[in-house]
Amino acid sequence: MSPFQMKFTSIMMEMTVEEKKIIKRLDKCDFTEIHKYFVDKNEARKALPKEEKQKLKEEADRLQEEFGYCILDGHREKIGNFKTEPPGLFRGRGDHPKMGMLKKRIMPEDVIINCSRDSKIPEPPPGHKWKEVRFDNTVTWLASWTENIQNSIKYIMLNPSSKLKGEKDWQKYEVARRLKGVVDKIRFQYRFDWKSREMRKRQRAVALYFIDKLALRAGNEKEEGETADTVGCCSLRVEHIQLHHELDGQEHVVEFDFLGKDCIRYYNKVPVEKPVFKNLQLFMENKDPGDDLFDRLNTSTLNKHLQDLMDGLTAKVFRTYNASITLQEQLKALTSAEDNIAAKILSYNRANRAVAILCNHQRATPKTFEKSMQNLQTKIDAKKEQLAMAKQELKRAKADAKARKDVKSKSNVDKKKKLLAKLEEQLMKLCTQATDKEENKQVALGTSKLNYLDPRISVAWCKKFGVPVEKIYNKTQREKFAWAIDMADEEFEF
DNA sequence: ACTCTAGACTCAGAAAGATAATA
DNA sequence: TTATTATCTTTCTGAGTCTAGAG
C-alpha cells in the first residue's frame, strides 16, 4: 500500500457511512476551514484574560498533584509522563511512510495498570474498566497501552529525578568508566582484526573502529516501509560512503553522508588508517549502492563480541565513554583558574559543544537567530566607538599631563587608562559571545548534557574552579543529577 | 546457532510554556 | 512602568538500543 493509500484508509476507517458517500477522494477536500478553526482556537487561548489563565494553571497544578506522583518502595516519586497521549494525526520524523495516519484516543480499556498487590489500585473512570491490572515488580513502568500506528507499547514511567532512574544512570556511567580501563586493549584488538582471514571479523573490526572513532550508533536493521529510511553503523549501505585516496591534502579520506536517528544528517569527511581504507574498498567490491556495507555483520553479533571483551559492554557504551572522556579532556584543556566565572562557563560550553559535535547532536537554527546576531553586532559596533573615543581622551589627557605636570592631570590619565581597559574587556566579552553564538547556531547541547556526560565530571569541575553548580545545571537538571552532586568531590576523575 | 519478535528501556529535537531582558 | 521580545525550561512523543525467549 502506498503511503497515501494508507493515510486515506486510516481516515476512511473513522468515517461514517454517510461521510463515505460524500468523501471519495482526500485530495479534493479543502482543509482551510478546519485549519483556521484550530489557529483561531489557539489565538483565543493566548488572548485569555490573566485570571482565566491563572485558573487553567491552577487546574493543571491540581492534576499534577493528584496524578503526577506514585509511591515506590515507600517514597513519593515524580512520574515522568502521567498522561496518555491524545489522539491526532501522526507526523513522525523526516519522510515517514505513516505520516498523516490517525492516532487513536486511548481508552481505559486499552490501559494496563502495573502496581503492587497490596497498593491502592487506581480506579478506572466511572463506567470503564482497565484492560488489565498486573503486579509485575521486574519492570519499572506503572501503566502501558499499545499505540495503533506502529503497534508498539507506550509506557508511563518515572521522572529522571527518581531514585530508580538515578541509580540506572549512575550504573550507565560506571560501565563507561570500566570501558576506560580496557579501551586500549580493545583498540589494539580491532586493529589486529583488520588483517583477519575472516571477512566477518574484518567487518566487525572496521565497524567497531567507526563506532569508537566517530561515535556512530549501532544501527539495528529496520522493517522496510514501517519507518523512515535511516541507518547507523551496522546498517550503513555502500551509497552512504565515498572513498577518496586523497582529499584536501589528506590521505585515505572517507566521506560519510547518511540520515541517522530522527533523520538527522550525518556528513563528515574523515581521514582513516590505511588498513581501514583498504578494507572498505574490499567490502564495496561488486556491490550495488543499495547493498549493505557490512553484509556479514549485525548489531546482535557485534554486541555479543563486545560482551566477550567486557562485561556489560555494548555499542552504545562507546558513545557514552567517548562523550564523557572528551568533556573531561576539553575542560582540562580550556579552563584557566584565573579566568572569571563568565569565561569559565564559556569554556564549559565549548567543551560541551565539542561533545555535541562528536555525537552529531544538531538543531534547527533558532527562528530569532539572525536578528539576535544583528543585535549583538550593533552592541559590538557601539562598544568599538566608545573604545575609540576613550583612546582619544587618553591621548589628550596624556598630553595635558605632560604640559601641566600636576597631580590632578596625572590622576586623570590613570582614570582614562582604567576606562580604556574596562571597555576593552567588555568588547572582548561581546566578541567571544558572538563567536560562541555563531558556533552554536546549529548545535544542540542539551542531549549530550542530559544523556552522555557523566555529571560527576561537571560537578567536580565546578568545585575545582569555584563555579556554582547552578550556573551549569538548572533546577530540573540538578534534580536529575542529585546523585552526582552528592557524590563527586573536586578530585573525581572519570 | 540462528532468526524473529515483543518488550522495556534510553535518547532525540521540536514545540509549547514560563521567565527574563529590553524597549 | 508596562508591553514586547528574547531566551531558557518543560513537555511531548517519536526513534533508537538492547535483551530475552520462542521456534
Side-chain angles (χ1 to χ4, degrees), chain A residues 42 45-46 53 56-57 60 64 68 78-86 88 90-94 96 98-99 103 112 114 136 138-141 144 146-147 149-161 164-165 168-169 171-172 211 216-223 226-228 230-235 259-264 298-304 306-307 312-320 323 356 359-376 379 437 442-452 473-480:
Chain A
N42 208 9
R45 194 175 40 81
K46 270 191 210 154
K53 279 185 181 169
L56 285 167
K57 172 112 202 320
Q64 166 74 40
K78 203 169 171 187
I79 298 169
N81 56 329
F82 64 89
K83 296 170 178 168
T84 58
E85 294 166 15
F90 179 83
R91 173 59 186 85
R93 313 275 161 90
H96 198 113
K98 298 197 173 183
M99 170 170 63
K103 190 164 102 169
I112 303 173
N114 188 37
D136 183 353
T138 67
V139 295
T140 72
W141 54 268
S144 72
T146 301
E147 153 272 350
I149 305 288
Q150 327 249 17
N151 221 259
S152 66
I153 308 170
K154 297 268 188 164
Y155 302 93
I156 301 289
M157 286 186 188
L158 292 183
N159 189 273
S161 63
L164 185 84
K165 294 283 188 192
K168 209 67 194 301
D169 210 30
Q171 253 180 42
K172 174 178 80 183
I211 285 169
L216 298 190
R217 295 186 185 81
N220 284 305
E221 49 271 65
K222 302 167 71 179
E223 210 174 333
E226 294 291 304
T227 59
T230 64
V231 297
C233 186
C234 294
S235 50
L259 293 182
K261 181 176 178 180
D262 293 300
C263 288
I264 300 293
N298 60 46
T299 53
S300 161
T301 52
L302 176 66
N303 278 333
K304 210 162 278 163
L306 292 176
Q307 181 61 234
L313 186 60
T314 61
K316 90 184 182 81
V317 178
F318 281 88
R319 250 168 102 79
T320 312
C359 294
N360 199 38
H361 292 143
Q362 299 185 28
R363 62 168 180 179
T365 307
K367 284 200 170 67
T368 53
F369 184 83
E370 288 306 331
K371 207 178 158 197
S372 73
M373 206 62 199
Q374 258 173 26
N375 289 154
L376 199 54
K379 273 190 191 170
K437 209 181 182 89
Q442 297 184 70
V443 182
L445 300 184
T447 305
S448 51
K449 197 173 183 180
L450 243 45
N451 301 301
Y452 287 99
Y473 292 138
N474 67 34
K475 187 166 151 279
T476 322
Q477 294 165 341
R478 290 199 299 278
E479 280 166 10
K480 167 166 174 158

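We name chains A, B, ... by the order of the sequence lines, and we start the count at 1 in each one. The figures that follow rest on heavy atoms only: side chains count, while hydrogens, waters and symmetry mates do not. Fair warning: this is a prediction, and the values are worked out from it, not measured in the lab.
- Not one side-chain nitrogen or oxygen of H96(A) sits closer than 4.0 Å to the OP1 or OP2 atom of dG14(C).
- Note that the CD1 atom of I211(A) and the OG1 atom of T299(A) stand 9.0 Å from one another [nearest 0.5 Å].
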What's touching nucleotides 1-6 of chain C from the protein side, N or O pairs under 3.5 Å?
unit_1, atom_1, unit_2, atom_2, d
dA6(C), OP1, K371(A), NZ, 2.6

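- Here the side chain of D262(A) is nearest to one of dA12(B), dT13(C), dG7(B), namely dA12(B).
- Note on T140(A): only backbone sugar-phosphate atoms sit closer than 4.0 angstrom, heavy atoms only; bases stay farther off.
- For the atom pair CD (Q64(A)) and CZ (F82(A)), the distance works out to 4.5 Å, reported to the nearest 0.5 Å.
- The CG atom of L445(A) sits 16 Å away from the C1' atom of dC11(B) (whole-angstrom rounding).
- Although no hydrogens or angles enter the test, the distance criterion places a donor-acceptor pair under 3.5 Å between the side chain of N303(A) and the main chain of A315(A).
- A donor-acceptor distance shorter than 3.5 angstrom exists from the side chain of K172(A) to the backbone of N451(A), with no hydrogens or angles considered.
- Between T230(A) and the phosphate of dG16(C), there is a side-chain N or O to OP1/OP2 separation shorter than 4.0 Å.
- Note on P160(A): nothing from the nucleic acid sits closer than 4.0 angstrom, heavy atoms only.
- The distance from atom NZ of K261(A) to atom C1' of dA12(B) is 5 Å, rounded to the nearest whole Å.
- For K304(A) and K168(A), each mapped to the nucleotide of DNA chain B holding its nearest heavy atom, the one lying further toward the 5' end belongs to K304(A).
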### Query
For nucleotides 14-23 of chain B, read 5' to 3', which letter fits each nucleotide if B means a protein heavy atom sits under 4.0 Å from the base, S means only the sugar-phosphate is that close, and - means neither?
S--SS---S-

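- We find that CG of N451(A) is positioned 5 Å from P of dC11(B), with the value rounded to whole Å.
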Can you give me the N/O atom pairs linking the protein to nucleotides 17-21 of chain C at distances under 3.5 Å, or say none if there are none?
unit_1, atom_1, unit_2, atom_2, d
dT17(C), OP1, A218(A), N, 3.3
dT17(C), OP1, G219(A), N, 2.7
dT17(C), OP2, N220(A), N, 3.0
dT17(C), OP2, N220(A), ND2, 2.9
dC18(C), OP1, T314(A), OG1, 2.8
dC18(C), OP1, A315(A), N, 3.2
dC18(C), OP1, K316(A), N, 2.7
dC18(C), OP2, N303(A), ND2, 3.1

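- Comparing dA12(B), dT13(C), dA8(B) against the side chain of W141(A) picks out dA8(B) as the nearest.
- Contact annotation for K449(A): no contact, since no heavy-atom pair falls under 4.0 Å across all strands.
- If you take CG of L259(A) and P of dA12(B), they are 16 Å apart, rounded to a whole angstrom.
- Take the nearest nucleotide of DNA chain C for R91(A) and for N474(A): the residue whose nucleotide is more 5' is N474(A).
- Atom C1' of nucleotide dG14(C) and atom CD of E147(A) are separated by 9 Å, given to the nearest angstrom.
- Proximity of Y452(A) to the phosphate of dT10(B): no side-chain N or O atom is located under 4.0 Å from OP1 or OP2.
- Straight-line distance from the NZ atom of K165(A) to the C1' atom of dC11(B): 11 Å, rounded to whole Å.
- Residue F90(A) is in sugar-phosphate contact alone, with no base atom involved, counting any heavy-atom pair closer than 4.0 Å across all strands shown.
- Ring geometry, H96(A) versus F90(A): the interplanar angle exceeds 60°, so the pair is classed perpendicular (tilted spans 30 to 60°).
- Across all strands shown, dA1(B) forms no Watson-Crick or G-U wobble pair with both distances under 3.5 Å.
- Following rounding to the nearest Å, N114(A) (CG) and dG7(B) (P) show an atom-to-atom distance of 14 Å.
- Distance check, rounded to the nearest 0.5 Å: OG1 of T301(A) to CG of L306(A) gives 9.5 Å.
- At the heavy-atom level, K475(A) lies nowhere under 4.0 Å from the strands shown.
- The phosphate of dA15(C) has neither OP1 nor OP2 within less than 4.0 Å of any side-chain N or O from K222(A).
- Remark: side-chain polar atoms of K480(A) are paired, donor with acceptor, to backbone N or O of L450(A) under 3.5 angstrom.
- At whole-Å resolution of the value, CG in D136(A) and P in dG7(B) are 12 Å apart.
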